[in-house]
Structure formats: C-alpha cells, structure tokens
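Worth knowing before you read on, the calculation uses all heavy atoms, side chains too, and leaves out hydrogens, waters and symmetry mates. By convention in this document, chain letters (A, B, ...) are assigned in the order of the sequence lines, proteins followed by strands, and residues within each chain are numbered from 1.
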Amino acid sequence: SQTIHQWPATLVQPVGSPLSLECTVEGTSNPNLYWYRQAAGRGLQLLFYSVGIGQISSEVPQNLSASRPQDRQFILSSKKLLLSDSGFYLCAWSVAITGELFFGEGSRLTVL
Amino acid sequence: GEDVEQSLFLSVREGDSSVINCTYTDSSSTYLYWYKQEPGAGLQLLTYIFSNMDMKQDQRLTVLLNKKDKHLSLRIADTQTGDSAIYFCAPRSYQKVTFGTGTKLQVIP
C-alpha cells in the first residue's frame, strides 16, 4: 500500500534561517507531488506541484523553493525565512486517474 | 486561476442533516473532491464526484453538483459529534487541485 512521510512534524526557526522540509512517498511510482501551506486562516494555498523528476511548477512567488531530486521525494526549502512563512505545510501525492490527493500529516513551522 | 468559496462556519444539532456549500469558477474542473480535516491533523478524502455526474451518494454523504452554476454541496445525514471538523471543497483542473477556505462544522450534542 502507498504511504507518505513528511518531516519534521514541528519546527521552530528564527527569522532569516534556512528551511528544509522533506516528503517521501512509498508504494507508488511517478506520482504527482504537491506542497500546500495552511495559514492561521485555515485555507490551503497551493505552493508547488511536480509531475516528474526535476519538474516544478510554482503557484505563488515567494521566498520558498521546491525540488524533486528523486521520483518519490519532494523537498520544500528556503534560504531565509520570514515571519509570514509560519504555517502548517502539507505534502500530498496523487497518481490515480481520478487524481485524488493523499496528504501527509503535515509540518508545523513557527518562525520567530 | 481557480477561485473556490465556502462559508466559514456551520453549526448543526446532532442527528440533523448538514449541508456544506461550495462555488468554484473554473469550468474545466473534472473531479471535485471533499476533504475533512480534524484538529491538528492532515486532510482526509471523504468523497468526490466526476464533472459529468449530478449526484453521488456514499452512505451518509450525498454530493450534489450543479455544473452550470459551478456549485457543489456536501450533505451529511444524521450528523454526529465525530463529524465536527473543517470540510474543504477542492475542484481539480488538469494537475492542479485548488482548495476552498474550508467550512468549520460544529455539531451540538
């Protein structure tokens, strides 16, 4: 069966520090991968999605970046965090024809 | 891009039916999903409907789609306290899935 792992679960970082959140999927191949952010207002904002290795589509211009070095690995990064980067980050994958997303448990980032 | 709107809050009594509404803008949406998020947790897929369908029923859940008006609804019959959560409408257009703001459902015992 397919599983998705996302870490770290909780992160507290100072402003200006770097960020790396990692997501891996097991039990499937060539998934579409997604990063969403959920801020305090609850809505989910699509940040990046990827349909294959090295293929990244950015939805929102900001100081975050994403990379997909392997088929089932998706990394969210920042060189210098801002206070506004605080939030709940969710990784997701999809592959079926119906394309539903399956989410990881999320990473809560607090920037101080 | 796609805009998805939902009312922010809904309160119902246990045993009543809940209806959560959603409007979207992208007519090329093919699949439309409903997700549930419990406090502090990730999102769980509840159900979905394909754009060529008007209705889909799955146990206590009924999804209605009015494609002409770009309106989607989720009805939960016999609402229980365990249904308290945030519910997200999420239409899919090609590879992108856009989420609404979420509707927080409060179930009063």
Look at atom CD of B/E5 and say whether more than 12 heavy atoms of other residues, nucleotides or ligands are closer to it than 6.0 Å.
-> no
Whether over 12 other heavy atoms sit under 6.0 Å from B/F50 CZ | yes
Is there a path from [X] to [Y] through hydrophobic residues (I, L, V, M, F, W, Y) whose side chains come within less than 4.5 Å of each other?
X     : Y     : value
B/W34 : B/Y31 : yes
A/W7  : A/F48 : no
A/L76 : A/I4  : yes
A/L19 : A/I56 : yes
B/M53 : B/M55 : no

Is a side-chain donor or acceptor of B/R92 paired with a backbone partner of A/E100 at a separation under 3.5 angstrom?
-> no
Main-chain N/O of A/G99 paired to B/Y33 side chain as donor or acceptor, under 3.5 Å = yes
Is chain B contacted by the side chain of A/L90, its backbone, both, or neither, given a heavy-atom distance below 4.5 Å?
-> side chain
Listed by number, the residues in residues 103-112 of chain A that come under 4.5 Å of chain B (heavy atom to heavy atom) are A/F103, A/G104, A/E105
Residue pairs passing the side chain to side chain donor-acceptor pair (under 3.5 Å) test with at least one member in residues 42-64 of chain B, sequence neighbours excluded, are B/R60-B/D83
Given side chain to side chain contact (heavy atoms under 4.5 Å, CB included), test A/Y49 with B/V97 step by step and report yes or no.
-> CA-CA 10 Å; A/Y49 68 95; B/V97 181; over 6 Å; no
pair A/L46-B/F99: side-chain heavy atoms closer than 4.5 Å = no
Any side-chain heavy-atom pair from A/L44 and B/Y35 closer than 4.5 angstrom?
-> no
Considering only heavy atoms, which portion of B/L43 lies under 4.5 Å from any heavy atom of chain A: side chain, backbone, both, or neither?
-> both
